[in-house]
There are 2 protein chains.
Amino acid sequence: MTDFLPPIQTTARDDAVLKALAGFVRQEALGPGEKLPTERILAERLKVSRNTVREALTRWEGLGLVERRQGSGTYLKAAVSPDMLHMPLTLAGGNDFAGLMSTLEIRRALEAEAAALCAIRAGKAEIAQIERKLDIMEEAFRTRAGMSSDEDWEFHQAVFRASGNPLFEQIIAAMYEMFHRFWEHPLGVRDFGHASFPYHRTIFDRIAARDPDGARAEALKLIATVEDDLKRGAANLKLSDRR
Amino acid sequence: MTDFLPPIQTTARDDAVLKALAGFVRQEALGPGEKLPTERILAERLKVSRNTVREALTRWEGLGLVERRQGSGTYLKAAVSPDMLHMPLTLAGGNDFAGLMSTLEIRRALEAEAAALCAIRAGKAEIAQIERKLDIMEEAFRTRAGMSSDEDWEFHQAVFRASGNPLFEQIIAAMYEMFHRFWEHPLGVRDFGHASFPYHRTIFDRIAARDPDGARAEALKLIATVEDDLKRGAANLKLSDRR
DNA sequence: GTGCAGAAATTGGTTGGACCATTGAACCAC
DNA sequence: GTGGTTCAATGGTCCAACCAATTTCTGCAC
């Protein structure tokens, strides 16, 4: 018996605007890339001030749902549905060691689970797709003699996608941003990620063999190597007192 | 050879406002709960319009960094540092069975990892805090003869907090929203969550015993019971065609 | 002095109107 | 066609009010 009484909202005009706009998007079946009505038109139609419309759109922009281009218009960046779940994550300290370790722990949890699910649920086509990404990655590794974060990422993305759960990909994609930024400032470890290379294929082998526990174990090993690299880098640079 | 040409930003006033405000927060060493300057004062000090200040604050509010109370002021809700990483996630699909199962798979991954980390890292005070929440939950279970989602949630929250990784709490908190919404429409299963009750104490026992693998295993069992309840409910109601 | 109701000040929320900066399309000279 | 120019549309910013919720102060009754 939860006595749940949602606080009444006497003023929530911008939320109301977003709800109306979400309904509009659904009714018009607007997809990513398409243009929304002008702020002025929205203000007039919804009988609110243009300023209120702007605050509402600012919310959506902050959520990455929408992109505003001055002089051009406002465009959808992602699918919008009336019942969306928003989870804004903020990680204190962008590039410091603790922050990266935090994301890595999340990655360990998700990557292991996704690999296991993938071993259970991936279809033949999806497994073939993963292998293709793996081949590309290995080729890039040979020709450029080192890990390539783009190709690496595509491999992992393929695994997440084949897990049958879209949330994995979305959550990790957001975190990948952070790692990407980090890899551009390698902090002393020149061959960052190098040690993780062989585990990509072992993960794929366990998935292809429909061995969830094996896939999970290999994924854990991969993350462990990245963790080691990270610790090594932190020890090199004494990053801890940064800022 | 990356031909990287970032688009130049001639106007980014609200971002500048946020940067300045973040600097202010750091300089004044403001923590969560503390009040920050009035919109009017900020506008005057930063030599921008109050409207611009509002757009900037709307961004932070959307990120959950700040809470605005009409007539009272704007208050910090979380620690703020100039170099934060924001990753707003929006997950499509609200209340249907597939969506809930998706979140549950994420929960399984995170809850298991968090319990294990907690067994490794939690201090004595944190373990005591978890036990306190557990006692409250068990008491509520006895007196009201059933699971209480609020007390249940507080227990899990304590575990996440003691994991030493703030991201766990943030991610799960967002998903809890979804489950809470769901529990208000119990879909036929009257004693939803009932089966998960005993595992709360077994998880705690393994944490207190500093047994990461045991804690992970018990957490997995708990999620499995919730998963069963969910499947049972879906079978009852044939929810699949909802919306 | 104490307690409390009501006034006043404070603060975020909203409005309407104005102007600026950028964009993109229509148009024109070459 | 090519390369400018003009011009309307659109998002970005500003201002000056007023509204609504909250907090603080004031003054009266006791």
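Quick note: numbers below take in every heavy atom, side chains included, and nothing from hydrogens, waters or symmetry partners.
One side chain, A:R68 or A:T58, offers a donor N or O that lies under 3.5 Å from an acceptor on the other.
Atom CG of A:D15 is separated from atom P of C:dT14 by 10 Å (rounded to the nearest Å). If you measure from atom CZ of A:R40 to atom P of D:dA8, you get 14 Å, rounded to the nearest angstrom. Between the CZ atom of A:R50 and the C1' atom of D:dG12 there is a distance of 7 Å, rounded to whole Å.
Between B:T52 and D:dT13, a side-chain N or O to OP1/OP2 separation shorter than 4.0 Å is absent.
Looking at the side chain of A:E39, the nearest of the listed nucleotides D:dA17, D:dT23, D:dG12 is D:dG12.
A salt bridge links A:E55 with B:R54: the distance from a Lys NZ or Arg NE/NH1/NH2 to an Asp or Glu carboxylate oxygen falls below 4.0 Å. A salt bridge links A:E61 and B:R59; the closest N-O separation between the charged side-chain nitrogens and carboxylate oxygens is under 4.0 Å.
The residue A:R69 sits close only to the backbone: its heavy atoms come under 4.0 Å of sugar-phosphate atoms, none of a base.
Checked by distance alone, B:N51 brings no side-chain donor or acceptor within 3.5 Å of a matching partner on the base of D:dG12. In the interface, the side chain of B:R54 is not paired with the base of C:dG12 through any donor and acceptor atom under 3.5 Å apart.
Shortest non-hydrogen contact noted between B:L63 and A:G62 is CD1-O, 4.5 Å.
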